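So the structure is just underneath, and the comments pick up after that.
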Amino acid sequence: MASKDEVIAMAKEAIMEFDGEMAEEAAQEGLKAGVNPVEIIEAYTSAMGDVGVQFEAGTLFLPHVLAASEAMNAGIKILKPEMEKNKSQVESKGKVVIGTIEGDIHSIGKDIVVSMLGIAGYDVIDLGRDVPVKTFVESVKEHKPAVVGTSALMTTTMVTQIQVEEQLKEAGLRDSVKTMVGGAPCTQDWADKIGADIYGESATDAVAKVKASTGA
Ligand code: HCB
């Protein structure tokens, strides 16, 4: 049976090699060896970050990035049912509305946050990607979530997170919901600057902070 270190190394290699079958194997071996699925997802995510760095450096190109994200999805598909088995059977911890902000089609990170919040027992309303600001506001009005989260992967789209804050205020809804921002260019400073309640540095961090803010 593979050791935990071997599973983590295999998960990272699978993403770096754009190899979906290897990502599935890492997931299966990890489950057999009793490795926490969250740690395997974190290994995929860390390798995806390295792919991103190489993309930025011009040593990898868009097809590589897409192939890496497909490999990651293949692995997560194996892990998700296992994680859902451990999902809290008690009543929902509350609702979270989340989506990738208008103009931005990056969804990999947001999807991981959606999965991990669901597994942590939250009712997640996933608005998808390239979501207009008014849809976030309407969704808060309709679902009355504890938290509304936006994901932005580009410096050109993160600025739209300000509009979520503003339009929630204009609709008289800002005090009824906590706001969360995340995605690679976002920081705690950014969250503080725009008045967001939570900065989710990673999916694990986002879940921990959502739990803390909802008292769950
Ligand atoms: Co994309 N892209 N891309 N891209 N892309 C980035 C983001 C750049 C930084 C790369 C670069 O050029 N340096 C760059 C943005 C530059 C900028 O800031 N202005 C960029 C660009 C420019 C573009 C296009 C415009 C390229 C083009 O067409 N010329 C285009 C975007 C078009 C558009 O959106 N309108 C584009 C397209 C693509 C794809 C389709 C090839 C693919 C996305 C596939 C998909 O998501 N379905 C892609 C990818 C994958 C990337 C990189 C390589 C990786 C992003 C990623 O998935 N990371 C990225 C480079 C990079 O980030 N270093 C590059 C892995 C995930 C797991 O991390 O940070 O998203 P994450 O999420 C974490 C964390 O932030 C947190 O939890 C997650 C899990 O731990 N989190 C939240 C995320 N969202 C949260 C929300 C919350 O509320 C709370 C926590």
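In each ligand, atom 1 is the first atom listed, and ligand 1 is the first ligand listed. Bear in mind that the values here come from a model prediction, so they are computed numbers and not experimental data.
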Does the side chain of [X] pick up a donor-acceptor pair with the side chain of [Y] at under 3.5 Å?
X	Y	result
Asp50	Gln54	no
Thr150	Gln161	yes
Ser151	Arg129	no

Problem - Close side-chain approach of Lys95 to Lys144, heavy-atom, < 4.5 Å - result: no
Problem - Contact check, side chains of Val113 and Val96, non-hydrogen atoms, under 4.5 Å - result: no
Given the protein's heavy atoms, is any one of them under 4.0 Å from [atom]?
atom	value
atom 27 (C) of ligand 1	no
atom 10 (C) of ligand 1	yes
atom 59 (C) of ligand 1	no
atom 83 (C) of ligand 1	yes
atom 31 (C) of ligand 1	yes

What is the nearest protein non-hydrogen atom to [atom], stated with its residue, atom name and distance?
atom	answer
atom 44 (C) of ligand 1	Ile108 CD1, 3.9 Å
atom 54 (C) of ligand 1	Met48 CE, 4.5 Å
atom 53 (C) of ligand 1	Gly52 CA, 3.5 Å
atom 50 (C) of ligand 1	Val65 CG1, 3.0 Å
atom 14 (C) of ligand 1	Met154 CG, 4.7 Å
atom 61 (C) of ligand 1	Glu56 OE2, 3.4 Å
atom 12 (O) of ligand 1	Phe55 CE2, 4.2 Å
atom 74 (C) of ligand 1	Glu201 O, 3.4 Å

Per-atom contacts, ligand 1 versus [X] - under 4.0 Å to a heavy atom:
X	answer
Ser107	45 (C), 46 (O), 47 (N)
Gly103	33 (C), 34 (O), 35 (N)
Gly183	75 (O), 81 (N), 82 (C), 83 (C), 84 (N), 85 (C)
Asp104	34 (O)
Ala184	62 (O), 69 (O), 75 (O)
Thr45	67 (C), 80 (O)
Arg129	47 (N)

Problem - Derivation and outcome, side-chain hydrogen bond (donor to acceptor under 3.5 Å, both in side chains), residues Thr157 and Glu102 - result: CA-CA 7 Å; Thr157 55; Glu102 199 168 322; over 6 Å; no
Handout entry: Pro185 near ligand 1 by a heavy-atom separation under 4.0 Å
Key = no
Problem - Close approach of Glu42 to ligand 1, heavy atoms, under 4.0 angstrom - result: no
Give the single entry among [options] that approaches [atom] most closely by any heavy atom.
atom	options	value
atom 17 (C) of ligand 1	Val114, Thr155, Asp205	Thr155
atom 39 (C) of ligand 1	Leu62, Ile15, Val113, Val181	Leu62
atom 55 (C) of ligand 1	Thr179, Val148, Val210, Leu153	Leu153
atom 71 (P) of ligand 1	Ala203, Gly109, Ala206	Gly109

Exercise for the section: Using only N, O or S atoms, tell me which atom of His106 is closest to atom 1 (Co) of ligand 1. Expected result: NE2
Exercise for the section: Say whether Leu127 and Met158 are linked into one hydrophobic cluster, either directly or through other cluster members, by side-chain heavy-atom distances under 4.5 angstrom. Expected result: no
Practice task
Would you kindly confirm whether Ile41 and Val35 end up in one hydrophobic cluster when ILVMFWY residues are joined by side chain heavy atoms under 4.5 Å apart?
Solution key: yes
Problem - Atom CD of Gln188: over 12 foreign heavy atoms under 6.0 Å - result: yes
Problem - Option among Val147, Leu117, Val97 that satisfies the side chain to side chain contact (heavy atoms under 4.5 Å, CB included) test with Val124 - result: Leu117
Supply the atom-to-atom distance [X] [atom1] to [Y] [atom2], rounded to the nearest 0.5 angstrom.
X	Y	atom1	atom2	result
Asn73	Tyr44	CG	OH	10.0 Å
Met154	Thr100	CE	OG1	10.0 Å
Thr204	Ile112	OG1	CD1	9.5 Å

Practice task
Decide if the gap between the ring center of Phe55 and the ring center of His64 is smaller than 6.0 angstrom.
Solution key: no
Fill in the blank from the handout: Counting heavy atoms under 4.0 Å, the part of Thr150 that contacts ligand 1 is backbone
Fill in the blank from the handout: Note: Met83 and Met116 closest approach over all heavy atoms is CE-SD, 4.2 Å
